[in-house]
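Structure record follows, encoded as C-alpha cells.
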Amino acid sequence: MAIVNDITVLSSGNKVFSSVLSKKQFFGVSVCVPKIVPDVRVRNRARFVEVKSTLQINLDEKNVYSSLDLDLDGILGFDVVTEKELKEKGFLGLRKTKLICTIGPACSSFEDLERLALGGMNVARLNMCHNTREWHRDVISNIKKLNEEKGFCISLMIDTEGSQMYMVDHGIGSSVKAEDGSIWLFTTERYEGSRPFTVQAYYEGFSEGINVGDELVIDGGMATFEVIEKDGSDLRCKCTDPGLLLPSAKISFWRNGKLVEKNVELPTLSTKDWADIDFGISEGVDFIAVSFVNEANDITLLKNYLSTKSSEFIKVLAKVESLESLKNLKDIVEASDGIMVARGDLGVQIPLEQIPTVQEAIVDICRQLNKPVIVASQLLESMVEYPTPTRAEVADVSEAVRQYADALMLSGESAIGSFGDKALSVLRMVSNRLELWSRAENKQRLLSQCQLGVSLPERIAEQICNCSVEMANNLGVDAIFVYTRHGNMASLLSRNRPNPPIFAFTDKSCTVKTLNLQWGIIPLLVELSEDMEDNIHRTFKLVKTSGMVKKGDVVLVVSDIIPSSSIHPSFQSIKVKTIV
C-alpha cells in the first residue's frame, strides 16, 4: 500500500488548525486547508475532521477476505435492470439519466407496471388530479410488490393537484376531441356525469376579468377556444384550434397575445392536496411534487408539516410552472429537495420561444445548488397516439440529456397512451447515446461549480467530491463507490456529472429511494459498519462474487461514514483500488 497523503484537521469555533502544509498535491488535484499551527490547549473541546487519501493497487483479496464469513445471498440489493445492463455493457455503458413514468389507466396493471420496470423506469409518478385514492393505493401496492418480489428498485412519487383555479373537467374518464368550429360551454354549475359539449370549471371565479374575444387555451395548446359569449360566470366558446380535452385539464386566458394574469389569493395547497399528502405519508411514498409553487414558503410549509409526522425522509419537489415561480426561482430551488420543470403549464405562462432557454437556466441552477431536476411534459407527446416519435421530439429529449437533467418524465405518453413501453425505450435509447457522446467529447470539463458548503466539514466534503470526480475522469476509473448513510456525498459526486457511474452503498432504505432520482447514482442497500475497511472489503467481495466487477477494473472509493464512537464530526476518505 502506498500512502499518498494523510491530513488531519483540528477545528474549534472559528479557529482552524492543520498539521500539514496548506496545500497538498493529490494526483495533480489540490486539497486545501488553512495553515495554522495547532494549539493543543483546546484539544479536549475541539472538533475533528480527518481527510484520508490512499492509493492501493493489486490488493490480495484472498488474504483480505479470509477472515470474513459472509452470507452473500440477498445482501447486495442490485436492481435487476441495472444488474443486467452492467453485465451486458460494463460500468461505462450504464445509463445515468433517470426515467420517470406517470401511471394511468393505460399502465396500471401489475403486468403493465412490470413491463415499464423492465424498460428502465426508476420512479413511478401518481398524479392526484386523476383517479381515486383506492386506485392509487392499488398501484402503490403493485409497485411495492415488484420491488419486493421481482428485484426492482422503483421509487414512488405523488403529484398534488394544486390550485383548482385553472382546472376544468368534461366528466368523461378518457379524452374528448374538440372539433374546429364546435361550440362549448364552460360552466361553474355542479352536476354529475357528463354533458355534450360542456366543461365544468372547478373554481367559481374562473371567468372573472375575462372578456368576449379572449382566447381560452387548454393544457398549453392542446386545444384553443375563442370566448363568444359571457353569461354570468359561464363562458360560451368556439373552438378555433381543434384538439384533445383531457380529464382535469388546465386552462389559461390570453388577450392580444399576452397572458391574462389573475390576482386571486388562493393557497398553493388546497384542502384536497393536504388529504392527498396524508394519503402519501400513510402509503410511504418517497417524493411529493407540489404543483403551482409560487414562493419558497410553499415548500417550507410542507416540509414543516412532514417533520411533525416524522416523515422527513419524504422529499419535497417544487414544480416550476408559473411566472411567479420563475421570479422566485433561486429561493424555491434552495428550499426544495428538487425541481420539476413542468413545461406544459410553464409554456402557457411564457412565450413559446423562451421555453428552451428557461429550461436550460433551471437545469443549470439546480445542478449548481445540488438539487435534482426533472424535465417533464410533452417530451414524446406524439407517442400518445403513434408508435414512433417525431424527429423534433427526439432532438428535444437529446437536449435535456445534453443539459445534464437528472431525470426525464413521461406524462400522457405512459398514463393514457397506447405505446408507453415504446416511449420509455426511446428515452432510454436516446439517453444512452447522448451520454456516450458527452463522455467521448469530455463535456464534463466544461461544468462550472459554485461553493455550497458553509462550515469547514461541509467545505471539505464538497472539495473531496469535486476532486474525486476530477481524479476519476483523469485516471479513467471504471466506477466510483461511495459509502454514505444520508446520501450527501453521493449527491455531491453526482453534481459533478462524472464519466464513471456512482455506486452508493447505504444502510438506509429511504436514502436508496431518494438517490434513485439523481443522475448517475446506482443506490445499493447493504449492511454498513463503523469500520470503513470492513465496509470496503465486504462490498468489494459482494460485487466481485455477484459478477458485477472483473479483474483489472479500477474503482475510486469515497466515504462519509461517521463512527459513533469517534469524536470526529466526519470521517471522509478517497481511495483508488484495482480489482485483482
Side-chain angles (χ1 to χ4, degrees), residues 128-130 160-172 176 178 182-241 243 245-276 290-295 297-298 301 319-328 342 344-352:
M128 302 308 289
C129 290
H130 309 293
T160 66
E161 184 177 280
S163 170
Q164 296 186 344
M165 176 176 171
Y166 302 108
M167 302 289 292
V168 296
D169 198 337
H170 49 59
I172 301 174
V176 174
S182 57
I183 307 299
W184 290 71
L185 177 65
F186 290 78
T187 179
T188 57
E189 180 185 346
R190 296 289 174 260
Y191 57 86
E192 294 295 326
S194 62
R195 295 177 182 177
F197 300 101
T198 304
V199 178
Q200 187 176 122
Y202 291 178
Y203 176 56
E204 292 185 357
F206 87 106
S207 64
E208 290 178 4
I210 302 305
N211 303 327
V212 172
D214 289 347
E215 281 189 329
L216 186 156
V217 179
I218 301 287
D219 282 335
M222 291 288 286
T224 303
F225 297 81
E226 179 187 352
V227 178
I228 59 175
E229 182 184 348
K230 187 172 182 181
D231 182 9
S233 59
D234 295 350
L235 299 176
R236 197 170 300 277
C237 304
K238 177 182 178 181
C239 181
T240 54
D241 281 328
L245 305 185
L246 302 179
S248 297
K250 296 186 178 74
I251 62 172
S252 61
F253 293 97
W254 292 74
R255 182 180 301 148
N256 300 324
K258 294 183 179 181
L259 180 73
V260 178
E261 296 189 53
K262 290 175 173 283
N263 298 315
V264 180
E265 294 296 330
L266 290 178
T268 297
L269 292 168
S270 65
T271 302
K272 178 182 181 299
D273 290 335
W274 285 112
D276 289 337
V290 183
S291 297
F292 294 106
V293 174
N294 290 324
E295 57 184 16
N297 189 56
D298 297 335
L301 181 67
K319 294 176 67 176
V320 175
E321 51 192 339
S322 68
L323 282 173
E324 285 301 313
S325 62
L326 289 179
K327 293 173 184 175
N328 301 311
D345 292 307
L346 188 59
V348 173
Q349 303 256 321
I350 65 175
L352 292 174

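This is a predicted model, so every value here is computed, not measured.
- Inter-residue side-chain proximity for V217 and W254 is flagged as met; some heavy-atom pair is nearer than 4.5 Å.
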| How far apart are the C-alpha atoms of E215 and K258, what are their side-chain angles, what is the distance that settles it, and do they pass the salt bridge (charged side-chain N to carboxylate O under 4.0 Å, His left out) test? | CA-CA 10 Å; E215 281 189 329; K258 294 183 179 181; over 6 Å; no

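- Heavy-atom minimum distance, V168 versus A201: CG1-CA, 3.9 Å.
- Look at D345 and K250 and you find a salt bridge, because one of the NZ, NE, NH1 or NH2 atoms lies within 4.0 Å of a carboxylate O, short of that distance.
- Looking at I183 and R236, their side chains come closer than 4.5 Å, going by heavy atoms from C-beta outward.
- Under a 3.5 Å cut-off, the side chain of T160 and the backbone N or O of S291 do form a donor-acceptor pair.
- For the pair L352 and G347, the tightest heavy-atom approach, listed with the atom from each and the gap, is CD2-O, 4.2 Å.
- Atom CD in E321 sits 10.5 Å away from atom CG in L326 (nearest 0.5 Å).
- Remark: I251 CD1 to L216 CG distance equals 5.0 Å, nearest 0.5 Å.
- Checked by atom type and distance alone, the side chain of S270 pairs as donor or acceptor with a backbone atom of D273 at under 3.5 Å.
- Using modelled atom types, no side-chain atom of D234 and backbone atom of K230 make a donor-acceptor pair closer than 3.5 Å.
- T224 places none of its side-chain heavy atoms less than 4.5 Å from the side chain of C239.
- Residues K319 and F292 have side chains not in contact (no heavy-atom distance under 4.5 Å, counting atoms from C-beta outward).
- Closest approach of H170 to L245, counting heavy atoms only: NE2-O, 2.9 Å.
- Scanning both residues, R190 and Y202, for their nearest heavy atoms gives NH2-O, 2.7 Å.
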| request: Determine, step by step, whether S233 and T188 satisfy the side-chain hydrogen bond (donor to acceptor under 3.5 Å, both in side chains) criterion, reporting the C-alpha distance in whole Å, the side-chain angles of both residues, the deciding distance to 0.1 Å, and the verdict. | output: CA-CA 7 Å; S233 59; T188 57; 3.1 Å; yes

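- Atom CG of residue D214 and atom CD of residue E226 lie 9.0 Å apart, to the nearest 0.5 angstrom.
- A salt bridge between K272 and D276 is present, with a side-chain N of the basic residue lying under 4.0 Å from a carboxylate O of the acidic one.
- Heavy-atom minimum distance, S325 versus V320: OG-CG1, 3.4 Å.
- Of the residues listed (F186, F225, W184), the one engaging F197 in a ring pair (Phe, Tyr, Trp, His ring centres under 6.0 Å) is W184, and it is the only one.
- Of the possible polar contacts, one joining the T198 side chain to the P196 backbone as a donor-acceptor pair under 3.5 Å is found.
- Rounded to the nearest 0.5 angstrom, I228 CD1 and K238 NZ are separated by 7.5 Å.
- Scanning all heavy atoms of the two residues, the minimum distance from V260 to I210 falls at CG1-CD1, 4.1 Å.
- A donor-acceptor pair is defined here as one N or O able to donate and one able to accept, closer than 3.5 Å; such a pair exists between the side chain of D298 and the backbone of N294.
- Taken from CG in L235 to OG1 in T187, the straight-line distance is 9.0 Å, to the nearest 0.5 Å.
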